[in-house]
Structure formats: structure tokens, C-alpha cells
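Because only heavy atoms are used, hydrogens play no part in the values below, and waters and symmetry mates are left out as well, while side chains stay in. None of the values given here were measured: they were computed from a predicted structure.
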Amino acid sequence: MLFFKQSHTAEEPPDDIIILGTSVSTSESFERSTSPVEVITPATGGTEATSLPQLLSAAAGIHINRQGVNGSPSYASVRGGNYNQLVIYVNGIPFADPLYGQMSLDTLPIGSIKRVEIYKGSTPLRFGMAGMGGVINIVTEDNDQSNGETAKNSIKAGYGSFNTIHSSFKRHATYENFSYLLYIARDSSDADFTYINDNGTPILNDDDDSIDKRLNNDYTSYNTNISGSYTFTPCRLTITNSFLYKENGLPGLNNNSALESRFETFRNTSSANLFFDHVLSSSNQLTINGYYSYRSDRLSDPLNEIGLNAAKQEGIFHTYGASAFQEMLIAELQSTLTLSASYNNDTYTKIVHNLSNSEELFPKQYRDTYNIGIENEFSFFSDHLLVTPNLRYIVTHDDFAIQSDPFTSNSTTDEKFSRSLQWKAGSRLFIIKHNRQRLSLFMNIARTSRRPSFIELFGNDGGVLGNPDLKDETALNREAGAEFYIETKSRFVNNTSISYTYFYTDVNDAILFVQNSQNTMLAHNISRSKIDGHEFSIQTRLLRRLQLGANYTFQSAIDKSSIPYYRNNYLPHRPVHEFFGSARLIFHKISAEYSIEAIGSNYLDRANSDFYFIKSRYYHNLLSEVVLFTGLTITLEARNILDEMSRDKIGYPLPGRAFYSTVEYKF
């Protein structure tokens, strides 16, 4: 479903809450995409001050696996896939962790986000790497030129439960052909919420349960985002630099808390983008990207509460790459030809500091990924029928060391090349295509694959051993559905959009970690899994004051392993039912919103044991926004107002009732 949750204040209701067919970039239109694209923007200043996982939880088919309060590690999965099957981009630049796969969502500040684009099942060619589960592209506030000189500033401060503090400053200025954006934020929390500690006996014994406080769970983070753009004939240059520093405790499992373990992350990412609006002819467009990212992760575990043998260890990551994307209109064939090429290099080095203060340097791990692709959009019957096939050819070169002993750096070198051909065929038929009414049917099928991550191939500091014989995961994604949008001038019912999607995915050689000794795990390929389900979304506005939205996802994620003990079990961490609904009432200077997030029961282990069964949970939230005077807005929020005690992952409890307040002044 293509919809926007438009940013606005309570001063007056927006004229357009739902927009279909808005351009995602100069090279692609949401309306013409054969695959459904869900687009979400922060709805209010209060929402912007919280987290990206909270924003994504409102999207259909997205499941968020959380490990605590906002600011704690969180990961997203799409339509029953693993979190490392989803590829995340920031402004078209890959944002991935070569060690584990997906980068934790808590490291992405939401304050400078303009919109989030969600592509499920199939990936547009302009993204160099295709995700088996799809792609999430996070677009930060741009530097669009405007007539004359303008400058907008925003200061925001927030305080809430568990001594949670937020402060940020944002400035966006334009001077003729030059514009820039500056965003600075600091966030911190004690995160010492209370929870039910089952002491490792959730089923066998309730008498030993206790109400404990989550200890060593605090965090402090600093974020900056600086972006500048300059327009000159015949192109536009944009340079961006983002910085993150975060220090936090590692609380461990709820019945075996870690009190001394700490973790630090330092990351700096720079990118440059060149956009040519006319290349050789007025109908050709070219985009060139280049990027470099440095990251350092430091784990301090003096009592060996987290790892097996290391008191301190550090991981150093270097990522750099480039991509080119060209779109050409071929009028004679009534088609648009798209060509893409990209290169990405990941390097990972581990350094271990033992209790004796000796330093052990492990061999560097390298991965080079080359990607070329071609796509052609054919148009028939005056643009009422669109057919878009594409091909990608991907070559991956791995040069890494396999750790044979979890307690030493002894290793053997291994070098491999992997080649894959991925393809997609999609179509969209517009039955009704007018400015104020649109009804279309779509259908897509795509073949994708995923290389194992570094930790799956060569292990970590001891708990995970490397398996260099892993095969690539492959998937066949199929989807079909319908989208409807109508814009009316009635005072009772205004803009309304409705969508339905059926999806079916076969995954072969899925990678799963299996315990192979008392203290270690090894990644293995299981034969296959099958995921199918339904998505339904609706957005509407009533009486020009009441905005309603809801989405529901039903999915059946089944393990089709050749092992009888697991065959036909539900895959872990995949709820069958998920629902999100919201109602927002807007007056002159006050708005109020109620939302509910319902997550069905699911298992946390592959064996589907009662010991790791999580019952259905329901989160009710209230939000109120008051405009005191022009430029000054106060937001009050109550989350999980019924104090639901739950968890998303074994041993990681989630907070109960919490309250937050935010003051924002724009000038």
C-alpha cells in the first residue's frame, strides 16, 4: 500500500493525509512500481522523538524483535523471513553489518528521517543488493532547493520513564544553489524497568517468580547528520556525513544478569551523490553514489558474563563501495530501460585483550560484492498495463580465516567465489486510472539469494564456530494483490486507500544455528521452509477531523526440514497474527491519538516447546499534542497503558507502562 502518514501539527487538519503515486526519486515513481511500496513518514513531533522500531511496527508485514526499551537492540523482519534476509539502505547507501547481517535499528536516529520506503518480496534495480525478504530504504530530510533564501530551525527536548532523556537541534537552510542540513542529538536512559523474572522456570514452577529491576541496561548515544547540496549545470552534488557514538550496558539473560559487561560503538559514514538530470538527451538520468564507513565495536566483559574466554575484545569494520544507476526512455518501444552496477567491500578484524592484558590480533576477513543489472519497463494500452522484468548478476569474493578453536586465534584461510543470477518479473494493471480514483491489480515473482554472514562462515570469539561449507540461501517470492485509492470532497469521508496482498515464499538451504557441543554452536543449512500469508491495509479520514488507519497480517511460516522432529513446526519468532490500528482526532490546536499493536502467540525455539512459548500480547498507547503558540508544541505520550509484561526474545524482557513528554520549538 502506498500511503503517507503526513507530518502536521494540531493547528489544522492536513488537506492530504494519503497520497498515492508520489515520486520516490527522480528515477522511480511509486505509482508506476509493479511491486507495492509502503511509505511511512513520522506523523507527529512526538513520534519523531521515539524510535525507528516504533515507526516500523505500524507497517503491514513488518515484525520487530526487541530486546528492551527504545534504544536497546531491535531488528526487523518482513513476511516471516529472518532479520538478516532484509537489506536496509539509508539514502540508497547499504547499511549492513557484515558480521551479523542486519544492523540494529536502535543505531539509526529518527529525528532526521523524512520517510521510510518498504519494498517487500522484490527489490527495485536501483538498489545494488537485493534482499531475500525485501528492502527498507530510510530517506533523511533532503536539501531541496527553494526560491529565495530560507532557514528553518528546531530545538527538541524530552523526558520520560526510566530517566529517559532526549535533546536535539536541527537546522535546514537554503541559499540560492546551495543548501545544507545539520542534525545533532543526544539520547540516554537508565532503562531500569521492572519485569517478571521466571528464574529459568516459565512453565515448571511459578512459585519462584519475582518482580526484579533490569540492571546494567542503561545507554547513552550521540548522533550527528550533516548534509550539503549544490546544484550546477548539469547535475546536483550531495555530500553527507553521519556519526554515532553509543555506550551501553549488557544486562544478560533475565535469570542470569550480567552486571559488569559494557559495550561501545563508534561509527562514521560518509557518502557522495551525483545526480545528472540530462545525460545525452532530456529523457536520460544518471545517479552515481560513493560511500565509506568505519565502525568500531568494543566489548568489555571482565567477569566473562557474556563470552567464553575474552575479557575485552574489539571489532573493526571498514565498508566502502560505489554504484551507478541510469534510466533511459525509449519512446519507439514505449519502454524505460534501466541499467545498474555496484561494488561493495566489507572488511572485519577482531582484536582480543585477555585477562593478562596480552593482545591477540585475528586475521582480517574480506568480502567483495560485484553487481550488475538490467531492467525494462514496458507500457501498454496508454500506460494502463505495465510489465517490468529485470535481471541481476552478482559475484561475491570471500577471503577469510576459519576459526577452528573457540579459545585461540588458530585458523585456516579459505577463499571462495560465489555467483548468482537473480531475476524478477512484475506487472501492474490499472483498471481505473484517474487523478482522484485509482484501482490496480499487481503480480510479482522473484528469485533471490543470500550469502552467509561472516559469523555464520567463520564464527566469533567462542560461542559460534565457523562453517565454510555453508551454501547460499535461495528464495522464490510470489505475491499478488490489489490497491484502491479514492479522493473525495465529501465532508464525511475523505481520502481513502485500501490494499490487499497474498504472498508465498519458498526458502531453500535456509541457514540456522544448531548446538553442536555444550558451549558452541555451528550454522547449518536446513532443507527448506515455506511461508505464505495475507496482508490487508486501510487508511481513511472522516469528517475532516478523524484519521483512521489499520493493517492486519496473517502468515504461516512452516519449517520443512528433512529432520522429522522439526518438520511442519512453526519457525521461531514468527507470530501468525499481527494487527496495528490507530485513530487520530485533530482539533484547532490539540490532537489526540490512540493506537493498538496486537501480536499473536509464537514460539521462540525451533522445537516449538511449551517452555519457549510466548502468548499473545496487546500494547495500547495514547498520545496528545498541544500547540501552545506558533512554533511551540508539547507532546505527551503513554505507552503500554495496560502494563503488559512480555518479551520478544529468550531472556530479554520488555518494559511495561511508560510515560514520555517532549517539547519542540521551531523558528
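Of the inter-residue distances, the one linking I93 atom CD1 with T269 atom OG1 reads 9.5 Å to the nearest 0.5 angstrom. Taking CZ from R267 and CG from D297, the interatomic distance works out to 9.5 Å, rounded to the nearest 0.5 Å. Here the CD1 atom belonging to I118 is positioned 5.5 Å from the CG atom belonging to L56, to the nearest 0.5 angstrom. Note that CG of L636 and CG of L622 are 11.0 Å apart. Values are rounded to the nearest 0.5 Å.
With a 6.0 Å cutoff to the six-membered ring centre and a 45° limit on the axis angle, R79 does not count as a cation-pi contact of Y119. The side-chain tip of R639 points at the ring of Y660 from less than 6.0 angstrom away and within 45° of straight on. In this structure, K246 satisfies the cation-pi test against Y219, with its NZ or CZ atom closer than 6.0 Å to the six-membered ring centre and inside 45 degrees of the ring normal. A cation-pi contact links R295 to F317, judged by a cut-off of 6.0 Å to the six-membered ring centre and 45° from its axis.
The backbone N or O of S601 lies less than 3.5 Å from a partner atom in the side chain of S616, making a donor-acceptor pair. N216 places a side-chain N or O within donor-acceptor distance of the main-chain N or O of A258, the cut-off being under 3.5 Å. Judged purely by atom type and a 3.5 angstrom limit, T488 uses its side chain to pair as donor or acceptor with the backbone of V493. Side-chain atoms of T540 do not come within 3.5 Å of backbone N or O of T496 as any donor-acceptor pair. Between the R574 side chain and the P572 main chain, a donor and an acceptor come within less than 3.5 Å of each other. Remark: side-chain polar atoms of N65 are not paired, donor with acceptor, to backbone N or O of S74 under 3.5 angstrom. With Q555 contributing its side chain and G80 its backbone, the two residues share a donor-acceptor pair below 3.5 Å. Formation of a donor-acceptor pair under 3.5 Å by the R544 side chain with backbone atoms of F492 is not found in this model. Proximity of a side-chain donor or acceptor of S161 to a complementary backbone N or O of F659 within less than 3.5 Å is detected. For D643 (side chain) and R657 (main-chain N/O), a donor-acceptor pair under 3.5 Å exists by modelled atom type.
A donor-acceptor pair shorter than 3.5 Å can be found between the side chains of Y180 and R171. In summary, the side chains of S227 and T240 do present a donor paired with an acceptor at a separation below 3.5 Å, with no hydrogens or angles considered.
Salt-bridge annotation for R262 and E247: present, with a side-chain N of the basic residue lying under 4.0 Å from a carboxylate O of the acidic one. With salt bridges taken as basic N to acidic carboxylate O contacts below 4.0 Å, none links R214 and D212. Note on E625 versus R584: salt bridge recorded, some NZ/NE/NH1/NH2 to OD/OE distance being below 4.0 Å. For K120 and E479, the salt-bridge test fails: no basic side-chain N is under 4.0 Å from an acidic carboxylate O. Under a 4.0 Å N-O distance rule, the pair D648/R617 qualifies as a salt bridge.
Aromatic pair Y552/F580: ring centres not closer than 6.0 Å. Taking the centre of each ring, F613 and F611 stay at or above the 6.0 Å mark.
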Item to complete: Could you give me the CA-CA distance, side-chain angles and deciding distance for N197 and S210, then say whether side-chain hydrogen bond (donor to acceptor under 3.5 Å, both in side chains) is met?
Response: CA-CA 5 Å; N197 188 348; S210 60; 4.6 Å; no
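Qualifying ring-ring contact (aromatic ring centres under 6.0 Å, His included) partners for F263, counting only residues two or more places apart in sequence or in other chains: none.
Using a 4.5 Å heavy-atom threshold, the side chains of H63 and Y75 count as separate. No side-chain heavy atom of D192 sits under 4.5 Å from any side-chain heavy atom of L215.
Classified by interplanar angle (parallel below 30°, tilted 30° to 60°, perpendicular above 60°), the ring pair F667/Y665 is parallel.
Residues T553 and G61 approach most closely at OG1-N, 3.0 Å, considering heavy atoms.
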